[in-house]
Amino acid sequence: MLRLLSLLLASILMTGEHTSAGGIPPTPAQKQQGARQAAGDTFGEYYGKPVFLRIIKEDELMELWGQMGDTWRLLKEYPIAAMSGTLGPKTREGDCQAPEGFYAVRLKGLNPNSNYYLSFNIGYPNAYDRSLQRTGSYIMVHGSDVSIGCFAMTDEGIAEIYGMVEAALKAGQPAVPVQVYPFRMTPARMKAEADSPHAEHWKHLFPGWQYTQLNDAPYPNRDADQ
């Protein structure tokens with residue numbers, strides 16, 4: 001019964017329903033508390049441990065990984081509710097393209113005041129993007145199901161993801177890796193894409209994909225700003 005009441009409270013806080021007689025939207029503090037409750041209830045002992053996010057654009061999928069001791073584990077897969085653009089990197093402000101590359105979320109990137117329930121900034125452009133004169137800003141993972149270059153995860157999805165990212169950062173993880181790939185980068189697929197205009201960009205990402213596949217761990221964020 002206590003767990004049922006706890007889940008009901010988390011649901012109310014996440015959706016903002018019935019928070020007042022007048023239907024007033026939830027405050028940022030209420031949204032954060034709902035996210036903490038949802039993440040804690042869903043992931044238990046992994047709450048507050050280091051986490052890592054891997055996005056596969058073609059599959060419209062986000063993976064949430066957690067670390068216990070020296071071991072990383074895939075905790076949950078989330079369908080991406082909305083994501084604009086096509087396969088390939090983001091290159092300029094306003095191109096409505098979701099980026100690809102190695103990014104990182106820090107405490108200052110968390111936004112409980114988002115118009116899309118909750119959100120966090122993944123850190124685009126990173127150092128590598130800037131070396132290629134790529135432009136853009138405020139690329140977020142957020143709630144809702146609409147996107148203009150960001151990754152929309154639904155309110156329910158972002159509550160769990162935000163809760164885990166916030167807890168990890170507040171527990172001392174310096175940055176949460178966010179690694180965005182165009183597709184599952186098998187050798188066969190890379191060979192098939194050899195003539196793509198994005199082939200050089202994808203070669204840059206390929207070692208990261210291989211590293212996680214071989215080691216069940218996040219690739220070191222060599223491009224993300226420290």
Side-chain angles (χ1 to χ4, degrees), residues 7 10-17 25-26 28 30-43 46-47 49-66 73-87 90 96-124 136-170 173 175-184 212 218 224:
L7 290 173
S11 176
I12 290 171
L13 287 171
M14 281 193 293
T15 62
E17 294 176 357
Q30 287 174 322
K31 291 188 289 185
Q32 286 177 301
Q33 182 56 38
R36 292 164 189 154
Q37 184 76 54
D41 286 346
T42 301
F43 298 107
Y46 279 90
Y47 181 74
K49 301 298 184 183
V51 293
F52 152 53
L53 300 174
R54 183 168 75 162
I55 295 171
I56 307 166
K57 288 170 63 175
E58 185 174 65
D59 291 356
E60 299 181 356
L61 185 73
M62 176 182 288
E63 300 173 345
L64 171 65
W65 293 64
R73 175 190 166 197
L74 176 59
L75 301 179
K76 189 169 180 177
E77 296 179 337
Y78 295 87
I80 296 173
M83 175 184 62
S84 62
T86 60
L87 299 186
K90 180 176 182 64
C96 297
Q97 178 77 355
E100 296 168 3
F102 308 118
Y103 302 99
V105 183
R106 292 175 172 79
L107 268 174
K108 65 182 181 180
L110 298 177
N111 181 20
N113 298 296
S114 174
N115 291 329
Y116 298 102
Y117 194 71
L118 292 163
S119 66
F120 51 82
N121 193 318
I122 70 169
Y124 173 92
S137 57
Y138 302 110
I139 302 300
M140 316 293 283
V141 174
H142 60 66
S144 189
D145 57 0
V146 295
S147 170
I148 307 175
C150 298
F151 300 97
M153 304 305 301
T154 75
D155 292 355
E156 292 77 11
I158 195 61
E160 291 183 358
I161 298 164
Y162 184 102
M164 290 296 280
V165 169
E166 179 195 58
L169 292 171
K170 288 189 173 181
Q173 185 176 2
V176 171
V178 180
Q179 300 186 352
V180 188
Y181 297 96
F183 43 76
R184 296 181 183 274
T212 297

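- Looking at every heavy atom in both residues, G143 comes nearest to A152 through O-CB, 3.8 Å.
- Annotation: side chain of N121 is not in contact with side chain of V105 (no heavy-atom distance under 4.5 Å).
- Pairing each heavy atom of I122 with each of P99, the nearest pair is CD1-CG, 4.0 Å.
- Between I148 and C96, the shortest heavy-atom distance links the atoms CG2-SG, 3.5 Å.
- Considering only heavy atoms from C-beta on, M164 comes within 4.5 Å of L75 through its side chain.
- Evaluation of the side chain to side chain donor-acceptor pair (under 3.5 Å) test over residues 136-153, restricted to residues two or more places apart or in two chains, returns E93-S137.
- Once rounded to the nearest 0.5 Å, the distance linking CG of L64 with CG of L53 reads 6.0 Å.
- In terms of heavy atoms, A38 sits closest to E160 at CB-CG, 4.2 Å.
- Contact annotation: the side chain of R36 approaches that of K170 to within less than 4.5 Å [non-hydrogen atoms, C-beta and beyond].
- Expressed to the nearest 0.5 Å, how far CD of E156 lies from OH of Y78 amounts to 11.5 Å.
- Considering CZ of F151 and CD1 of I55, their distance stands at 4.0 Å, rounded to 0.5 Å.
- In this structure, the salt bridge (Lys or Arg N to Asp or Glu O under 4.0 Å) partners of R184, at least two apart in sequence or on a different chain, are D59.
- What you find for M153 and V141 is that their closest heavy atoms are CG-CG1, 3.6 Å.
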Could you check Y162 against K31 for side-chain contact (heavy atoms from CB on, under 4.5 Å), going step by step and ending with a plain yes or no? CA-CA 10 Å; Y162 184 102; K31 291 188 289 185; over 6 Å; no
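- Of all non-hydrogen atoms in V165 and V51, the two that sit nearest each other are CA-CG2, 4.2 Å.
- A 4.5 Å side-chain heavy-atom check between F43 and K49 finds every atom pair outside the cut-off.
- With sequence neighbours left out, N113 forms a side-chain contact (heavy atoms from CB on, under 4.5 Å) with P28, N111.
- In this structure, CH2 in W65 is found 10.5 Å from CD in Q179, a value given to the nearest 0.5 Å.
- Side-chain atoms of I158 and Y116, non-hydrogen and from C-beta on, never get closer than 4.5 Å to each other.
- With contacts defined as side-chain heavy-atom distances shorter than 4.5 Å, the pair F52/T212 qualifies.
- In this structure, Q97 CD and M83 CE are separated by 9.0 Å, a value rounded to the nearest 0.5 Å.
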- Task: Please assess E63 against I56 for the test side-chain contact (heavy atoms from CB on, under 4.5 Å), listing each intermediate value before the final yes or no.
- Result: CA-CA 8 Å; E63 300 173 345; I56 307 166; 3.9 Å; yes
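- The structure places OH of Y124 at 15.0 Å from CZ of F102, a figure rounded to the nearest 0.5 Å.
- Side-chain atoms of F120 and I161, non-hydrogen and from C-beta on, do get closer than 4.5 Å to each other.
- Put simply, the side chain of E60 never gets that close to the backbone of A82: no donor and acceptor are under 3.5 Å apart.
- Counting heavy atoms from C-beta outward, Y47 and D41 have side chains that stay 4.5 Å or more apart.
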